[in-house]
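Worksheet: one structure, shown below.
Letters A, B, ... are given to chains in the order of the sequence lines, protein chains preceding strands, and every chain is numbered from 1.
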Number of protein chains: 2
Amino acid sequence: MDAVKNLDTSTRILNAAELLFIDHGFDGTSMRQITAAAEVNIAAVNYYFGSKDGLFQAVFERRAEPFVRLSLAKLTELESTVQANDPIAIAESFLSAALEMGSKPEYGGLVFVRLLARTYIEPRAILKEKIPQRYGELTRRYQQALERALPELSAAEVAWRFHFMTSAMFNAFAGNHVLRLFTAQPMVNARDPQRVAQMLLPFISAGLTSPAAVQA
Amino acid sequence: MDAVKNLDTSTRILNAAELLFIDHGFDGTSMRQITAAAEVNIAAVNYYFGSKDGLFQAVFERRAEPFVRLSLAKLTELESTVQANDPIAIAESFLSAALEMGSKPEYGGLVFVRLLARTYIEPRAILKEKIPQRYGELTRRYQQALERALPELSAAEVAWRFHFMTSAMFNAFAGNHVLRLFTAQPMVNARDPQRVAQMLLPFISAGLTSPAAVQA
DNA sequence: TTAATTTTCAAACACTCGTTTGAAATTGAT
DNA sequence: ATCAATTTCAAACGAGTGTTTGAAAATTAA
């Protein structure tokens with residue numbers, strides 16, 4: 001029996017579309033490629049998701065929802081301990097949420113990070129509208145936590161460091177090395193998420209807790 | 001007189017294509033969009049660049065060449081001073097190269113960073129072949145410089161930190177905030193490159209010089 | 001078993017894609 | 001002014017795009 005065929009039609013579409021969107025982008029992926037990979041009739045996408053746009057949103061939300069839920073749970077748990085105001089512990093809780101997503105096959109393994117990395121560079125209109133208001137809590141809560149943990153920094157500088165941290169993190173997990181463009185064989189290997197996290201932690205910890213660039 | 005029309009046809013095409021590629025990606029940009037924006041006949045692209053792929057390569061190389069040249073010159077200059085083995089000075093020379101590119105209109109201002117950020121997420125086949133061997137010197141030289149400056153780190157860990165540094169840097173300049181996906185209004189403003197660099201420096205400096213995650 | 005509902009399917013829809021053509025217009029050199 | 005080379009142009013090429021249709025098949029309910 002074909003392994004692909006054992007899953008629901010809509011799930012097969014989501015799985016196939018996810019991988020293709022990651023590798024070739026939204027515009028670089030055609031409905032026929034998706035339905036061929038999913039071994040499904042081409043009309044099935046419109047039947048289940050309404051449109052190609054609707055499919056993309058479904059693909060994204062399938063990963064975003066558990067990630068947001070997981071990282072918020074980690075933060076809530078942390079805030080009930082004595083480490084609530086430790087910036088490194090906060091960074092670790094965010095990192096471990098991504099790590100946990102990456103290690104759970106039911107969440108798509110590391111696929112979700114690559115999807116995120118793809119998506120935030122390639123902002124579809126539909127994401128700009130619906131997603132932010134639904135998941136805005138994530139950035140709000142982490143920003144607040146970091147502001148408490150780093151009182152010597154202005155809110156703006158905290159936001160910048162959160163930005164730097166997540167950029168380094170997501171691109172590391174996704175294997176997106178800027179300078180890969182200039183290098184034949186990559187210098188780093190992102191295959192092992194545990195190792196990536198191990199490399200990340202000292203860099204991020206030191207970066208977050210470094211002296212303020214401007215007075216708060 | 002139309003400002004656009006004063007430039008050569010091929011330059012008008014490059015300028016229009018660059019902006020469109022950045023905003024909508026390679027597959028999301030059509031030849032007709034490009035030639036309409038450039039106020040040029042659609043056949044002109046194939047006449048001057050052979051194909052859409054050829055155009056993309058030309059768009060990329062126009063920015064990559066001066067950036068690579070500039071950053072290598074900065075490094076060479078640094079290596080003749082007493083700061084040759086200061087990791088922070090090395091990071092600063094890389095940062096200042098990007099900053100200088102961003103401040104010079106003849107290099108496209110900050111456009112080149114956005115193009116880089118777009119491109120390394122969306123790797124066209126043509127870039128994987130021709131570019132690396134031509135510009136490989138950039139990563140090689142900076143990697144070697146950082147290895148000398150950070151002898152307590154393994155070469156692999158140096159490569160990782162270079163990766164983290166460039167990810168944070170390019171995405172900051174390009175205004176690509178991962179978590180923008182989850183937030184209605186952006187928390188940081190990447191408009192002023194000087195300010196971005198100011199925010200970046202303490203984070204990157206501390207990150208680069210933090211204790212090793214593993215023994216060298 | 002019959003009837004109602006859900007799902008699948010091949011075919012076609014109108015449209016856009018990158019590229020090519022061959023002639024017209026422009027430019028530069030003699 | 002004449003010729004040659006370069007550049008521009010409208011039009012068309014075949015192929016691929018996302019979506020829709022209406023009937024066939026499969027599933028579920030009665």
Side-chain angles (χ1 to χ4, degrees), chain A residues 1-60 118-119 122-127 129-130, chain B residues 1-60 118-119 122-127 129-130:
Chain A
M1 230 316 186
D2 195 332
V4 175
K5 284 270 182 184
N6 286 338
L7 303 171
D8 289 349
T9 300
S10 62
T11 306
R12 292 214 305 280
I13 294 174
L14 286 173
N15 291 343
E18 179 170 63
L19 292 179
L20 287 166
F21 283 155
I22 288 170
D23 283 339
H24 308 111
F26 181 82
D27 291 305
T29 304
S30 73
M31 300 278 276
R32 284 165 182 81
Q33 285 179 276
I34 294 167
T35 51
E39 300 180 36
V40 152
N41 186 275
I42 188 178
V45 170
N46 295 77
Y47 179 76
Y48 282 102
F49 303 101
S51 65
K52 193 186 177 187
D53 265 302
L55 170 59
F56 185 86
Q57 186 177 349
V59 164
F60 181 80
R118 226 324 159 175
T119 309
E122 193 179 60
R124 300 250 83 219
I126 201 163
L127 290 178
E129 300 159 9
K130 303 191 175 180
Chain B
M1 233 308 187
D2 195 333
V4 175
K5 283 268 182 187
N6 286 338
L7 304 171
D8 290 349
T9 300
S10 62
T11 305
R12 290 215 306 279
I13 294 174
L14 286 173
N15 291 344
E18 179 170 63
L19 293 179
L20 286 166
F21 283 155
I22 288 170
D23 283 338
H24 307 110
F26 181 81
D27 291 306
T29 305
S30 73
M31 301 277 277
R32 284 165 181 82
Q33 284 179 277
I34 294 169
T35 51
E39 299 180 36
V40 153
N41 185 275
I42 188 177
V45 170
N46 295 76
Y47 180 77
Y48 282 101
F49 303 101
S51 64
K52 193 185 176 186
D53 264 300
L55 170 59
F56 185 86
Q57 187 177 348
V59 164
F60 181 81
R118 239 299 175 188
T119 308
E122 192 179 62
R124 298 251 83 218
I126 203 163
L127 290 178
E129 300 158 9
K130 304 191 173 179

Report yes if the side chains of [X] and [Y] come closer than 4.5 Å at any heavy-atom pair, otherwise no.
X	Y	result
B:Met31	B:Asn46	yes
A:Phe21	A:Thr119	no
A:Ser10	A:Phe49	yes
B:Phe26	A:Asp27	no
A:Glu18	A:Ile22	yes

Exercise for review: Name the nucleic acid region contacted by B:Tyr48, choosing base, sugar-phosphate or nothing; use a 4.0 angstrom heavy-atom cut-off, strictly under.
Suggested key: sugar-phosphate

Practice item. Would you mind classifying the nucleic acid contact of A:Thr29 as base, sugar-phosphate or nothing, using non-hydrogen atoms under 4.0 angstrom? Key: sugar-phosphate

Look at the side chain of [X] and decide which nucleotide, out of [options], has an atom nearest to it.
X	options	answer
A:Ala43	C:dT19, D:dT20, D:dT8	D:dT20
A:Asn46	C:dT21, D:dT20, C:dT8	D:dT20
A:Met31	D:dG18, D:dC9, C:dA10	D:dG18
A:Ser30	C:dT20, D:dT6, D:dT17	D:dT17

Starting at atom [atom1] of [X], determine the distance to atom [atom2] of [N], rounded to an integer number of angstrom.
X	N	atom1	atom2	result
B:Asp8	D:dT7	CG	C1'	12 Å
A:Tyr47	D:dA25	OH	P	17 Å
B:Ile42	C:dT16	CD1	P	13 Å
A:Gln33	D:dT19	CD	P	15 Å
B:Phe49	C:dG18	CZ	P	15 Å
A:Asp27	C:dG18	CG	P	11 Å
B:Lys52	C:dT16	NZ	C1'	11 Å
B:Phe56	C:dT19	CZ	C1'	20 Å

Review point. Between A:Ser51 and D:dG18, does any side-chain N or O lie under 4.0 Å from OP1 or OP2?
Key: no

Check your understanding: Between A:Asn41 and C:dA10, is there a side-chain N or O to OP1/OP2 distance below 4.0 Å?
Key -> yes

**Study point:** Donor-acceptor pair under 3.5 Å, B:Arg32 side chain vs C:dG18 base
**Key:** yes

